[in-house]
2 protein chains.
Amino acid sequence: MSQRRVTIVEIAKEAGVSAQTVSRVVNGRTNVAPETRDKIQEIIDRRGYHPSRLARSLLRGRSHTVGVVGYGLGLFGPSYTLAGIVREANKEGYSVLPNMSNEPEIEDPARIIGELIEYHVDGIIWAVPEIGNNHDWIETVVPEQDIPFVFLSMENRPNLTTVAIDNYAGGQMATQHLIDKGHRRIGLLKGPSDWWEARERARGWYDTMQANGLTVDENLVLQGDDWSAAAGERCMRELLEKEREIDAVFVGNDSMAIGALKTAREFGLKVPDDIAVLGFDDVPEAAYIYPSLTTVQQNLTSLGCRALSELDRLINVDDADWPSSGEAIVIQPQLIVRESA
Amino acid sequence: MSQRRVTIVEIAKEAGVSAQTVSRVVNGRTNVAPETRDKIQEIIDRRGYHPSRLARSLLRGRSHTVGVVGYGLGLFGPSYTLAGIVREANKEGYSVLPNMSNEPEIEDPARIIGELIEYHVDGIIWAVPEIGNNHDWIETVVPEQDIPFVFLSMENRPNLTTVAIDNYAGGQMATQHLIDKGHRRIGLLKGPSDWWEARERARGWYDTMQANGLTVDENLVLQGDDWSAAAGERCMRELLEKEREIDAVFVGNDSMAIGALKTAREFGLKVPDDIAVLGFDDVPEAAYIYPSLTTVQQNLTSLGCRALSELDRLINVDDADWPSSGEAIVIQPQLIVRESA
DNA sequence: CTTTCCAGTTCACTGGTTACA
DNA sequence: TTGTAACCAGTGAACTGGAAA
């Protein structure tokens, strides 16, 4: 790098005033003589001076930065969620420090939190989905921290603020729609059931089937190894091989549903006439594939927005009210009816 | 927030040594007595001390943070690219400060750069695609900065480091594949042509058609308003309405191609027998839709990785060699043959 | 007796802000 | 209206006092 950055002292020297006066101009304080202010402002613009947020954060004890820990940037869900967080962050004057892993199993949460703390983040959004017991560390680690946390896509726990899509309701509305359309033997191709979200969606199917007096048969239920189209393809094949009577399936997410559609084609089944397929997510392609996919839309961008605004609220609560008692924020999904069901 | 963060002075006080000694332990310096080191380390662990990167960055003049300016988090391309950047950043010990806009037309690049400079970023990756003249500011603004820049997905310019997929070669290999398969009347559904990438892909089609002595007719070329499936659907409809003789199309990206497939179905055309369709991107669904999509794969994750490692190199060049002369790094795409062509 | 090494301290400094004069 | 001093959290450089070469 060529030269050092322009500092407040350099500006002050050039203007023939103290650094303090420059600081006042930068922060829009009133107690500066108009002509002094104009002169200083001119020098600031000309020299391209930018105050250091590092120095400022250090002094004020607020960095206006939030950490986001997540999994799977590049996947539909995480990237939309992050987009929502970033958008809201810009609006609220925060910068985002993302720490996205490639594995949903975060090996050492305390280390990641420690790293973010080194950056003086004002708060942390934990956007790693709840899988198996990958959230067990929370009880011991989080209470020790002096910054607020918001958790995404996990089951609510006492004293924690969580923001999640209502996956259970989504499963219910999907299943009810299939039933309303006259389907009776409805299969379930669920996501990996160590995922909380997969279990919730499955529970929605299960309860709705029972509430409507329909057979809830273990033969109707298959589970993907992951959420991929390949998994959906395999599950669907297995299901169709043993259950030719089936007339509809509720699939854990759209990728799997796309795989399931492929299998249905290969079996010579017409969707939705021979078998209806209903997904979850509403990926951008869902409206354009053949047949277009009926699905449960989850508004992940607004999930991210909500997480950030909630974190902002927690950051600004009075010390006296700390730690906060936590809150479970639930966002309702929406059924999007297209051709496949 | 409840209590203040633990500082080096507190640790020092508890250990009965100076802050400097603690600093040495934290930084793994050798000139500390083993028993002193152990004692200090124990206190650090127990108190959960994390050194402040803010203070450290301020002092050392290096923040180990890079700014990433991009457009359209949530879209396939940008999120994969960012994923690559973040992955490589973790490996190289950088943190990423993303500044993702919702519009590809950045209204005030200087302001965004200024903001990142306030955070003392060591360098900036500009991942906004080149559209119209949205990169004109570069010539005047960039030379004034004392941190290095790497630009993604733009035409190379003198003294600038750029990393881009070889879209022209991608267009060539796509078109050549269609020709090799016996297609002769090959249409082009290009992306919005104010995008540099769209023009490059189109140029690959054009040159390859000519090189093979095929008709390059303006009637064969249609342009999407954007890169969406809806745009692909519309273009394909318009093309088929005026050119029933067409036997293949090269489409600007996979989303548009998915839209084009939908239109082909609606016209009762069989893909690839009546008309072949070839996309660009290789989105995850491409292998699973019907018919599975032959496409040009661009490895965006490695694009992001490469951008970061190049930026790292620029950050570490000697001051004497600054400013660097720039370099055009080109990443080759790859043809993925499936059913649609 | 001088030089070097060692463990550790003191001081100045990073870039800015708050309190006070 | 403006300046001065202290401070945020940490680090590089110079330095201290004593032991070993």
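Chain A is the first sequence line, chain B the second, and so forth, proteins listed ahead of strands; every chain is numbered from 1.
- Side-chain N/O atoms of A:Ser52 include none lying less than 4.0 angstrom from OP1 or OP2 on C:dG15.
- Phosphate contact (OP1/OP2 of C:dG8, side-chain N/O of B:Arg24, threshold under 4.0 Å): absent.
- Using a cutoff of 4.0 Å between basic side-chain nitrogens and carboxylate oxygens, B:Glu35 and B:Lys39 are not scored as salt-bridged.
- Distance CZ (B:Arg5) to C1' (D:dG10): 11 Å, rounded to an integer number of Å.
- Whole-Å rounding puts the B:Leu54 CG to D:dT11 P distance at 12 Å.
- Note on B:Thr21: a side-chain N or O is less than 4.0 Å away from OP1 or OP2 of C:dT9.
- Taking the six-membered ring where tryptophan is involved, the planes of B:Phe149 and B:Phe151 are essentially parallel, since the angle between them stays under 30° and well short of 60°.
- A salt bridge does not link B:Arg5 with A:Asp146: every distance from a Lys NZ or Arg NE/NH1/NH2 to an Asp or Glu carboxylate oxygen is 4.0 Å or more.
- Remark: the A:Gln20 side chain and the C:dT17 base include no donor-acceptor N/O pair separated by less than 3.5 Å.
- Residue A:Lys13 contributes atom NZ, which lies 12 Å from atom P of C:dG15 at whole-angstrom precision.
- To the nearest 0.5 Å, atoms CZ (A:Arg62) and CG (A:Asp122) are separated by 4.5 Å.
- When each of D:dT11, C:dG16, D:dT2 is scored by its nearest atom to the side-chain atoms of A:Ala33, the top-ranked nucleotide is D:dT2.
- Separating the CD1 atom of A:Ile8 from the P atom of C:dT14 is a distance of 13 Å, rounded to the nearest angstrom.
- Atom CH2 of B:Trp126 is separated from atom CD1 of B:Ile113 by 5.0 Å, given to the nearest 0.5 angstrom.
- Contact annotation: A:Arg56 does not reach the phosphate of C:dG16 (side-chain N/O to OP1 or OP2, under 4.0 Å).
- Listed candidates were C:dT10, C:dG15, D:dT11. Nearest to the side chain of B:Ser18 is C:dT10.
- Taking atom CG on A:Asn31 and atom P on D:dT4, their separation rounds to 16 Å, with Å as the unit.
- The side chain of A:Asn27 approaches C:dT17 more closely than any other nucleotide in the set D:dT1, C:dG15, C:dT17.
- Side-chain nitrogen and oxygen atoms of B:Thr36 include at least one within less than 4.0 Å of the OP1 or OP2 phosphate oxygen of C:dG8.
- Comparing C:dT9, D:dT2, D:dG10 by their closest approach to the side chain of B:Val17 singles out C:dT9.
- Among the nucleotides C:dG16, D:dA9, C:dT17, the one closest to the side chain of A:Ala55 is C:dG16.
- Between the CE atom of A:Met154 and the CD1 atom of A:Ile138 there is a distance of 4.0 Å, given to the nearest 0.5 Å.
- A:Glu118 has its CD atom 10 Å from the P atom of D:dG10, to the nearest Å.
- Dashed line: the shortest gap from a side-chain N or O of A:Tyr49 to OP1 or OP2 of C:dG16 is under 4.0 Å.
- The line from CG of B:Leu82 to CE of A:Met100 is 8.0 Å long, rounded to the nearest 0.5 Å.
- Atom pair A:Leu59:CG and D:dC8:C1' shows a separation of 5 Å (rounding to whole Å applied).
- Rounded to an integer number of Å, the gap from A:Tyr119 OH to D:dC8 C1' is 19 Å.
- Residues from residues 37-48 of chain A placing a heavy atom under 4.0 Å of any atom in DNA chain D do not occur.
- When distances run from any side-chain atom of A:His120 to the nucleotides C:dT17, D:dA9, D:dT11, the shortest one goes to D:dA9.
- Within 4.0 Å (heavy atoms only), B:Arg29 reaches sugar-phosphate atoms of the nucleic acid but no base atom.
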- Task: Begin from the C-alpha positions of B:Val121 and B:Val66 and carry the test side-chain contact (heavy atoms from CB on, under 4.5 Å) through to its verdict.
- Result: CA-CA 5 Å; B:Val121 294; B:Val66 300; 5.6 Å; no
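- Heavy atoms of B:Thr7 sit under 4.0 angstrom from primed sugar atoms or phosphate atoms, though from no base atom.
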